[in-house]
Amino acid sequence: ETLFMLLLEHEMMVVQPTTVMHLDNAMDMLICSSLMSSLSFLGVIAIDRYITIFYALRYHSIMTIQRAVTIIVVVWVVSSISSTIFIAYDGKAVILCLVIFFLSMITLIMGLYIHMFSLAHQHARRISSLQRKQSAPHFTSMRGAITLTILLGVFFICWGPFFLHLIHILTCPEKPACNCYFRYFNLYLILLICNSVVDP
C-alpha cells in the first residue's frame, strides 16, 4: 500500500479514481485482516504457553494437531470476515472496535504472562528453599522479569504507535498535534510488520 501511495503521489502511475478506491479498500482489508490475525495469534501463542506451563502433562491431549489447524483456520476466517465488514462500514465505530479488540488482547496477553511469571517465581522460591540458596530465587525472578519486560516491551513498541494513531483519529482528528502524528502512519505499519521479525 505504501509503494502504491508513493507511485500515485509522484504521478508515476495513473489510475482511474474508482479503481484507486477499490484497490485502497482491498489493501485496507488485507491490512485489517493481517492486523487482527496477528493480534489473535499473539493471544493464541500466550494461551498455548499458558497451557504448556499449567497443564504440562495433559498438553498433547489438549493441543492436538487437529485443534491447532482448526484454531489457525478459524483465526484467519474470522479476521477476513471482520475486516471485510469493517471496510464495508468504514467509520469511527470500526476504529473503536479495533481499539477495543487491541485493548482486550493486551489485557489477555499481559494477564497470562504475568500469571506465568508469578508461577515461575513461586516455583523458584520453593526450589531455593529446598536447596537453601537464598540468592537463586532473586536471580531467577530477575531473569524472568527481564524476559517478560522484553516480550511485552517489544509488543508495545511495535503495536502501540498504530493504535495510538487510531485513538487520535477518535479523540482529536482536527488538532495540529494529532495531524503531525498522522504523518507517520507508514512507519507505524512498518513497526507492525517488524513485530513478527523481532518478537523474542
Side-chain angles (χ1 to χ4, degrees), residues 32-83 86 94-167 170 188-189 191-200:
C32 190
S33 178
S34 298
L35 184 137
M36 288 188 67
S37 60
S38 293
L39 270 175
S40 299
F41 282 125
L42 287 170
V44 168
I45 289 166
I47 292 166
D48 182 67
R49 288 172 180 166
Y50 185 86
I51 293 168
T52 304
I53 290 172
F54 285 90
Y55 303 96
L57 298 176
R58 292 172 47 212
Y59 176 78
H60 291 291
S61 62
I62 295 169
M63 191 54 65
T64 61
I65 297 290
Q66 187 178 357
R67 280 186 186 154
V69 170
T70 303
I71 289 166
I72 291 167
V73 170
V74 166
V75 166
W76 275 112
V77 168
V78 170
S79 298
S80 300
I81 292 168
S82 301
S83 64
F86 285 168
V94 171
I95 294 170
L96 186 63
C97 288
L98 283 172
V99 170
I100 289 167
F101 178 67
F102 174 70
L103 293 174
S104 62
M105 290 310 293
I106 280 181
T107 306
L108 172 73
I109 292 166
M110 282 186 65
L112 290 174
Y113 280 123
I114 288 167
H115 192 203
M116 285 186 271
F117 170 69
S118 65
L119 176 78
H121 179 67
Q122 289 171 9
H123 186 66
R125 284 178 63 187
R126 284 192 203 121
I127 290 170
S128 71
S129 66
L130 289 171
Q131 295 176 344
R132 295 183 186 186
K133 290 179 183 175
Q134 297 304 319
S135 59
H138 176 71
F139 176 72
T140 308
S141 298
M142 282 303 294
R143 196 167 57 182
I146 290 165
T147 303
L148 186 65
T149 304
I150 290 169
L151 191 74
L152 294 175
V154 165
F155 180 81
F156 280 116
I157 289 166
C158 292
W159 287 89
F162 177 80
F163 280 93
L164 190 59
H165 177 92
L166 295 183
I167 290 165
L170 290 172
Y188 311 146
L189 288 179
L191 279 173
L192 290 181
I193 294 163
C194 287
N195 183 69
S196 300
V197 179
V198 300
D199 184 6

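Please read all numbers here as calculations on a predicted model, not as lab measurements.
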Inset, instruction - Would you indicate whether the side-chain heavy atoms of Met63 and Ile71 approach each other to under 4.5 Å? - result: yes
Inset, instruction - Mind listing the closest non-hydrogen atom pair of Ile106 and Phe155 along with its distance? - result: CG1-CE2, 3.4 Å
Inset, instruction - Anything under 30° is parallel, anything over 60° is perpendicular, the rest tilted; go ahead and classify His115 against Tyr50. - result: tilted
Legend entry - Derivation of the side chain to side chain contact (heavy atoms under 4.5 Å, CB included) call for Arg58 and Ile51: CA-CA 9 Å; Arg58 292 172 47 212; Ile51 293 168; over 6 Å; no
Legend entry - Nearest non-hydrogen partners of Ser40 and Val75, listed with the distance: CB-CG1, 3.6 Å
Inset, instruction - Let me see the working for Leu166 and Leu170 under side chain to side chain contact (heavy atoms under 4.5 Å, CB included), right down to the final yes or no. - result: CA-CA 7 Å; Leu166 295 183; Leu170 290 172; 5.9 Å; no
Inset, instruction - Decide side chain to side chain contact (heavy atoms under 4.5 Å, CB included) for Phe101 and Ser82; before the verdict, give the C-alpha distance in whole Å, the side-chain angles of both, and the deciding distance to 0.1 Å. - result: CA-CA 11 Å; Phe101 178 67; Ser82 301; over 6 Å; no
Legend entry - Distance-minimising heavy-atom pair for Phe163 and Leu39: CZ-CD1, 3.9 Å
Legend entry - Closest non-hydrogen atom pair between Phe156 and Pro161, with its separation: O-CD, 3.8 Å
Legend entry - Taking every non-hydrogen atom, the tightest pair across Ile53 and Met116: CD1-SD, 3.5 Å
Inset, instruction - Inspect the surroundings of OH in Tyr59 and state if more than 12 heavy atoms from other residues, nucleotides or ligands are less than 6.0 Å away. - result: yes
Inset, instruction - Any chance you could measure Ile95, atom CD1, to Ile100, atom CD1, to the nearest 0.5 Å? - result: 12.0 Å
Inset, instruction - Supply the atom-to-atom distance Phe102 CZ to Leu164 CG, rounded to the nearest 0.5 angstrom. - result: 9.5 Å
Inset, instruction - First locate atom NE2 of His165, then atom CD1 of Ile167, and finally report the distance between them rounded to the nearest 0.5 Å. - result: 11.5 Å
Legend entry - Inter-residue atom distance Leu112.CG - Thr107.OG1, 0.5 Å rounding: 10.5 Å
Legend entry - For Ala46 against Ile109, the heavy-atom pair lying closest together: CB-CG1, 4.3 Å
Legend entry - Donor-acceptor pair, side chain of Ser83 and main chain of Ser80, under 3.5 angstrom: yes
Inset, instruction - State the OH-SG distance between Tyr188 and Cys158, to the nearest 0.5 angstrom. - result: 14.0 Å
Legend entry - Atom pair OH (Tyr113) and CG (Leu108), whose distance is rounded to the nearest 0.5 Å: 10.0 Å
